[in-house]
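First comes the structure, then the notes that go with it.
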Protein chains: 2
Amino acid sequence: MTEHSLWRFSRALHRAINERQLDEIDSLIDEDVDWAIYGPIDMFPFLGARHGKAAVIEVIRQIAQNIRVHRFDRESIMLGVDSASSMLRFSLTALGSNKPISLRVAHFAQFKAGRLRSIRVLVDSFDLVEQALGRPIQLPRMSSLA
Amino acid sequence: MTEHSLWRFSRALHRAINERQLDEIDSLIDEDVDWAIYGPIDMFPFLGARHGKAAVIEVIRQIAQNIRVHRFDRESIMLGVDSASSMLRFSLTALGSNKPISLRVAHFAQFKAGRLRSIRVLVDSFDLVEQALGRPIQLPRMSSLA
């Protein structure tokens, strides 16, 4: 049984971010890739949508300049033949501020011939913003509990 | 082929929220269920973790008092024998303020004998907070793009 594309992609992405080695990830991304990490792009310009391999490699380079990954735990995972989804919890450092950030992330990925064809990533973006700011945002209570 | 547990659960949850009919969903939840919707619980007390069927039925009742679902589109989905994950985009109304909210959601669910055994839900929580407030939150730019 061959290794699922997710594992190879995941290792290469980790290396790209932490060691700024982009060669391996470059070979694992489809030319026509669709990429989206949903979140506040005003605060984090490396979030958002990208299309095509060149744009995705560039955004991975930007992510590598802004965070370091310390560890991640995969809390849930589903694997299909050419697809994968998981929910993970990351421990990161924001390099600009040297702040530790703990972030829950969900992704849905599709592969084609072993290369990433599309990925959509959802993060607990309010939690991310508060940790990056280093302070809580005051919120009103928006609930009518009867 | 029998219908996947996700479809029956999804229909019953929709009915529970929009019509406040809890009988059907009650029969589709395991006594020992683990439930979590990650998000700012100070603002939305019906988010957060719940354990056990009684607590989950109660929180579904609270969600029904606070939102109405207008439509949802499933953008990605993976089905296993007793598991399912999907990414969806919901159009909601917050009933207290009558505000329309468009929200991206990812869930990972496990079923046992056709009943929900565990579910973890991630939402684009910053986007949710801004829409519920009805105004943008000013954020600094936290990026060192080189």
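Reminder, nothing fancy here: chain letters follow the sequence lines and each chain counts from 1. Values reported hereafter were calculated over all heavy atoms of this structure, with side chains retained and with hydrogens, waters and symmetry mates removed.
At most 12 heavy atoms of other shown residues, nucleotides or ligands fall within 6.0 angstrom of atom CZ in B:R115. Atom CZ of B:R104 sits in a crowded spot, with more than 12 heavy atoms from other residues, nucleotides or ligands closer than 6.0 Å. The environment of CZ in B:R8 is sparse: at most 12 heavy-atom neighbours from other residues, nucleotides or ligands sit within 6.0 Å. No more than 12 heavy atoms of other residues, nucleotides or ligands lie within 6.0 Å of NZ in A:K112, so this atom counts as exposed by the packing criterion.
Following chains of ILVMFWY side-chain contacts shorter than 4.5 Å, one cannot reach A:L116 starting from A:M78, and the two form parts of different hydrophobic clusters. No single ILVMFWY cluster, assembled from side-chain heavy atoms under 4.5 Å apart, contains both A:L122 and B:V121. Under a hydrophobic clustering in which Ile, Leu, Val, Met, Phe, Trp and Tyr are joined whenever their side-chain heavy atoms come within less than 4.5 Å, directly or via other members, B:I41 and B:V105 fall into the same cluster. Linking ILVMFWY side-chain heavy atoms closer than 4.5 Å, directly or via other members, places A:F108 and A:V56 in two distinct hydrophobic clusters. At a threshold of 4.5 Å between side-chain heavy atoms, the hydrophobic network of Ile, Leu, Val, Met, Phe, Trp and Tyr places A:Y38 and B:L139 in two separate groups.
Taken to the nearest 0.5 Å, the CD1 atom of A:I137 stands 5.5 Å off from the CZ atom of B:F126. Between B:E75 atom CD and A:S118 atom OG the span is 11.0 Å, to the nearest 0.5 Å.
Distance alone, capped at 3.5 Å, is enough to place a donor-acceptor pair between the A:S125 side chain and the B:S125 backbone.
Here B:V129 is the residue among B:L133, B:V129, B:I77 with the most heavy-atom pairs under 4.5 Å with chain A.
Heavy atoms closer than 4.5 Å to chain B are found in the backbone of A:L79, but not in its side chain. In this structure, the portion of A:V123 lying under 4.5 Å from any heavy atom of chain B is its backbone and not its side chain. Heavy atoms of A:D124 lying under 4.5 Å from chain B belong to its backbone as well as its side chain.
Residue A:M43 comes nearest to B:P140 through the heavy atom pair CG-O, 3.1 Å, listed as atom of the first residue, atom of the second, then distance.
Against chain A, the residues from residues 80-91 of chain B that qualify, each with a non-hydrogen atom under 4.5 angstrom away, are B:G80, B:S83, B:A84, B:S85, B:S86, B:M87 in number order. Near-neighbour residues of residues 26-36 of chain B relative to chain A, defined by a heavy atom under 4.5 Å from a heavy atom of that chain, are none.
Taking the salt bridge (Lys or Arg N to Asp or Glu O under 4.0 Å) definition, one finds that B:E19 meets it with nothing, sequence neighbours left out. Looking at residues two or more places apart in sequence or on another chain, you find a side chain to side chain donor-acceptor pair (under 3.5 Å) between B:H70 and B:T93.
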